[in-house]
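Let me begin by presenting the structure, written as structure tokens, before commenting on it.
When a residue number appears, it is its place in the shown sequence, counting from 1.
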Amino acid sequence: MSGKDRIAVFPSRAAMTLMKARLKGAQKGHSLLKKKADALMLRFRQILAKIIETKMLMGDVMKEASFSLAEATYSAGDFSLGVLQNVDKAQTKVKSRKDNVAGVSLPIFECVSEGADTFMLTGLSRGGQQVAHCKELFGKAVTLLVELASLQTSFITLDEVIKITNRRVNAIEHVIIPRIERTISYITTELDEREREEFYRLKKIQEKKKKMRDENEAEKARLQALGQRKGR
């Protein structure tokens with residue numbers, strides 16, 4: 001096994017315990033990241049479907065608003081100059097907030113109307129109904145535009161986060177976990193080899209002790225026999 005295929009550690013019981021703890025942590029991290037990626041992908045698909053729906057609705061609303069503007073201009077004349085003169089600040093403003101999805105902050109934009117309508121008298125002399133209808137449709141178009149901007153911003157953010165999360169999941173699954181497993185296998189092999197060597201060494205020591213004991217007993221028996229002969 002190449003040293004590049006595993007973590008450089010000294011094979012010991014402590015290293016085995018440490019590697020098993022790291023393996024457990026990597027597996028848990030992989031599971032959590034996988035769940036996060038699944039949750040983000042679910043929200044990603046929901047936003048994609050909502051973007052398609054909003055764009056189709058946006059096309060219909062803009063077409064209707066353009067037609068309504070033509071009607072209002074025909075009925076009330078060119079009222080754009082009067083509108084520009086009466087407006088000193090924006091009535092419709094965009095506010096943002098954060099939405100948390102699996103630890104990822106997504107920007108959400110919302111339309112907020114503030115202050116009084118500064119051009120509510122526009123078209124009072126003629127064409128007032130068409131102007132009001134035109135105003136309503138373009139207000140709806142602005143709201144849809146802001147919603148679409150919010151959806152596309154969240155879409156781009158989620159796309160980047162999903163790519164990063166998937167890279168991390170793949171790295172843990174195909175690099176980190178196999179490397180730890182190979183390290184555990186290496187430590188297990190080394191420890192088993194040590195145990196076999198220790199068993200062989202103890203066996204040899206026992207055999208040597210037995211041999212020495214037998215030789216001592218044989219020598220002792222010989223000396224006793226020799227002493228008995230001399231006693232006679």
Note: Asp99-Arg43 ion pair, threshold 4.0 Å (strictly below): yes
Check: Thr165 side chain, Val161 main-chain N or O, donor-acceptor pair, under 3.5 Å: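 It does hold such a pair.
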Ser154 side chain to Ile47 main-chain N or O, any donor-acceptor pair under 3.5 Å?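 Side chain of Ser154 to backbone of Ile47: no pair is present.
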With heavy-atom distances below 4.5 Å as the criterion, would you say the side chains of [X] and [Y] are in contact?
X: Lys50; Y: Glu147; result: yes
X: Glu195; Y: Asp192; result: yes
X: Met16; Y: Ser12; result: no
X: Met19; Y: Ile7; result: yes
X: Val146; Y: Glu110; result: no
X: Arg213; Y: Glu217; result: yes
X: Val104; Y: Lys36; result: yes
X: Asp159; Y: Thr157; result: no

Applying salt bridge (charged side-chain N to carboxylate O under 4.0 Å, His left out) to Glu193 and Arg196, what does each step give before you reach the verdict? CA-CA 5 Å; Glu193 184 66 24; Arg196 284 192 293 269; 2.7 Å; yes
So Glu207 and Lys210, salt bridge (charged side-chain N to carboxylate O under 4.0 Å, His left out) or not? Walk me through it. CA-CA 5 Å; Glu207 289 178 355; Lys210 185 176 182 299; over 6 Å; no
